[in-house]
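FYI, the numbering just counts along the sequence from 1.
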Amino acid sequence: MNKYKYLIKNAGLLTISSFSTKLLSFFLVPLYTSVLTTEQYGTYDLFNTTIGLLVPILTIDIQDAVLRFAMDKDVEKRSVLSIGLKYVFVSSLVVTIVVIINYIFPIVRVLKDFSLEFLLLYALTSTVGVISFFARGIGNIKEISISGVLSSVATIIANILFLLVFKWGLLGYFYATFLGLALQVIYLVLTIKVPTRPTATESNSRSLREQMIQYSGPMVANAIAWWVNSASDRYIVIFFKGLAVNGIYSVSYKIPTIINVVLSIFGQAWSLSSVKEFDEKDANHFFINMYNVYNFVLVVSCSLLIILDKVIASVLFADQFYVAWKFVPFLLISTVFSGMSQYISGLFTALKMSGIFARTSVVSAVTNFIINLALVPFIGPLGASIATAIAYFTMWLLRVIEIKKYMTLKINLRRDSIVYGILCIQAFYMSLAKTGVFDICQIIFLVVVILLFIPEFKGILTKIKKHQ
């Protein structure tokens, strides 16, 4: 039972941080959509999305290596952090040079207009990534939670002040983000407790750096593929439909943020438990039990949010953004498969098999890109949301196939296929049917989904009671 307690404890602490951070973007949507134009919101989203791609490429996705190696007992922790920050510093210099060149020779006009903002967003995002991943790796979960709350509170106050009082528009949105990220960095630097070990020699540090790069190298392809799945559709929408439409499509991602809170909380806690408790035979059924519970939570949340899609959109989205509700159902489904893929990736993290991350993610990304090009020109953002769902399904399926080669994981594929099929029917029905805010058929779908999991949950509870 210690395995469950360890996971629940970490998830509980991370809930404080993730709840405040992830739901911050959710609850501030009415403010953004009422103050910013669709083009302004689309511009910020474009910067944020681009940096999400640049950070893993320019830093060789060093933050994932920092997390994994910080968890090893025989590693000099300070060296792990130092290596990560060096890559952040060098990559920030590269971005600075590119920004200066673009300012002198304006190739990308929007980057010239917001050069300093882009540079600061990159530097702060990459720094927060390395330091927070390091803190999680050495077990400073409480510090991460507090830093997330402080960052969220600062961002909320700054947004209200900069957007409503000072009326700084898009610049105010940027400044509020900078303030929140900077405060998080400062707090973590001052409070994380780095375990002390004998000072590493230069040769040991060089060997550690080589091991970290060997691990993180394939993760770059994985990170790029994840970016393609979650963000490249914005560029395709911009290309075919324009910045304003992308602003609307970007807003539709805010409702799936509710599920992303669960993904973030569990994913961070799971990455620690999967390494600590890994057992290739899963003798006590810990891994399959957690898989089924996690799957149930994501599926039921997805089904429920599809039902409430129009209600939530009417509250969160201003008039010109309300149409974004049409794109939400398939994005919700994509979060389910994204979450299940991340669950399995935790097992590959324990095995330090980062190459499998890359292979499965790249196939998924190529699938996403092709379907986006095929659908977006004809049905716009709806095509992009469908492509994203299919891509994450592909990733999940490939990882299920791969993990079975290395450990015993008895997944009920027959039951899961039926459940996922019901979610797809719900999504098509909601997006295409002209129904009111609520529909009895959608509620029936939700009930059926819950009933399909009941037999399995009875078995899980029985096994847990036996181990008490």
Side-chain angles (χ1 to χ4, degrees), residues 229 255-256 258-260 262-263 266-267 270 282 285-309 327-347 360 363-364 367-368 371 382 385-404 407-433 435 438-464:
N229 282 333
I255 294 179
I258 299 172
I259 296 182
N260 282 328
V262 178
L263 298 186
F266 183 85
W270 178 244
D282 195 20
H285 308 291
F286 171 69
F287 290 98
I288 189 59
N289 286 347
M290 293 313 306
Y291 181 96
N292 287 327
V293 171
Y294 190 43
N295 190 23
F296 172 78
V297 171
L298 292 182
V299 166
V300 171
S301 299
C302 176
S303 179
L304 182 60
L305 288 174
I306 290 176
I307 295 173
L308 298 175
D309 181 15
F327 319 132
V328 170
F330 288 101
L331 292 178
L332 288 169
I333 291 177
S334 75
T335 60
V336 172
F337 290 116
S338 169
M340 300 316 300
S341 297
Q342 288 181 51
Y343 180 94
I344 298 174
S345 72
L347 303 177
T360 56
V363 172
S364 173
T367 301
N368 191 337
I371 299 176
L382 180 61
S385 64
I386 292 173
T388 302
I390 294 174
Y392 278 117
F393 167 77
T394 303
M395 181 186 294
W396 165 77
L397 184 60
L398 291 175
R399 290 187 178 180
V400 167
I401 294 171
E402 287 290 336
I403 196 60
K404 285 180 174 291
M407 70 174 294
T408 302
L409 198 65
K410 298 178 181 179
I411 299 172
N412 189 341
L413 288 175
R414 180 180 178 184
R415 189 275 318 283
D416 288 350
S417 297
I418 296 173
V419 167
Y420 298 150
I422 291 174
L423 292 183
C424 290
I425 294 172
Q426 279 191 267
F428 275 110
Y429 189 68
M430 174 60 75
S431 296
L432 302 178
T435 61
F438 289 108
D439 188 282
I440 187 63
C441 292
Q442 295 282 15
I443 297 174
I444 292 174
F445 289 143
L446 173 60
V447 172
V448 172
V449 166
I450 294 173
L451 290 175
L452 286 170
F453 278 92
I454 287 178
E456 204 146 33
F457 269 97
K458 287 182 178 178
I460 292 174
L461 290 174
T462 300
K463 291 174 183 176
I464 292 176

Are F393 and Y420 an aromatic pair by the rule of ring centers under 6.0 Å?
-> no
Can we call the ring centroids of Y343 and W396 under 6.0 Å apart?
->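 For Y343 and W396, the ring centres are not under 6.0 Å apart.
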Are the side chains of [X] and [Y] in touch, meaning some heavy atoms are under 4.5 Å apart?
| X | Y | answer |
| --- | --- | --- |
| Q426 | S303 | yes |
| I454 | F296 | no |
| M395 | F337 | no |
| N368 | Y392 | no |

Taking every non-hydrogen atom, the tightest pair across [X] and [Y]:
| X | Y | result |
| --- | --- | --- |
| L452 | V419 | CD1-CG2, 3.7 Å |
| I371 | A387 | CG2-CB, 3.5 Å |
| V300 | V449 | CG2-CG1, 4.3 Å |
| M430 | D309 | CG-OD2, 4.1 Å |
| P256 | T335 | CB-CG2, 3.8 Å |

Among I403, N292, V400, N295, which residue meets the side-chain contact (heavy atoms from CB on, under 4.5 Å) test with I411?
->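 Between I411 and the candidates, side-chain contact (heavy atoms from CB on, under 4.5 Å) is satisfied uniquely by V400.
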Once you round to the nearest 0.5 Å, how far does [atom1] of [X] lie from [atom2] of [Y]?
| X | Y | atom1 | atom2 | answer |
| --- | --- | --- | --- | --- |
| S334 | I390 | OG | CD1 | 11.0 Å |
| I444 | I422 | CD1 | CD1 | 11.5 Å |
| L382 | F327 | CG | CZ | 6.5 Å |

Give every residue pair that meets the salt bridge (Lys or Arg N to Asp or Glu O under 4.0 Å) criterion with at least one member in residues 390-402, sequence neighbours excluded.
-> E402-K405
Partner residues of F445 under the ring pair (Phe, Tyr, Trp, His ring centres under 6.0 Å) criterion, sequence neighbours left out | none
Could I get the full list of side-chain contact (heavy atoms from CB on, under 4.5 Å) partners for I401, not counting sequence neighbours?
-> L397
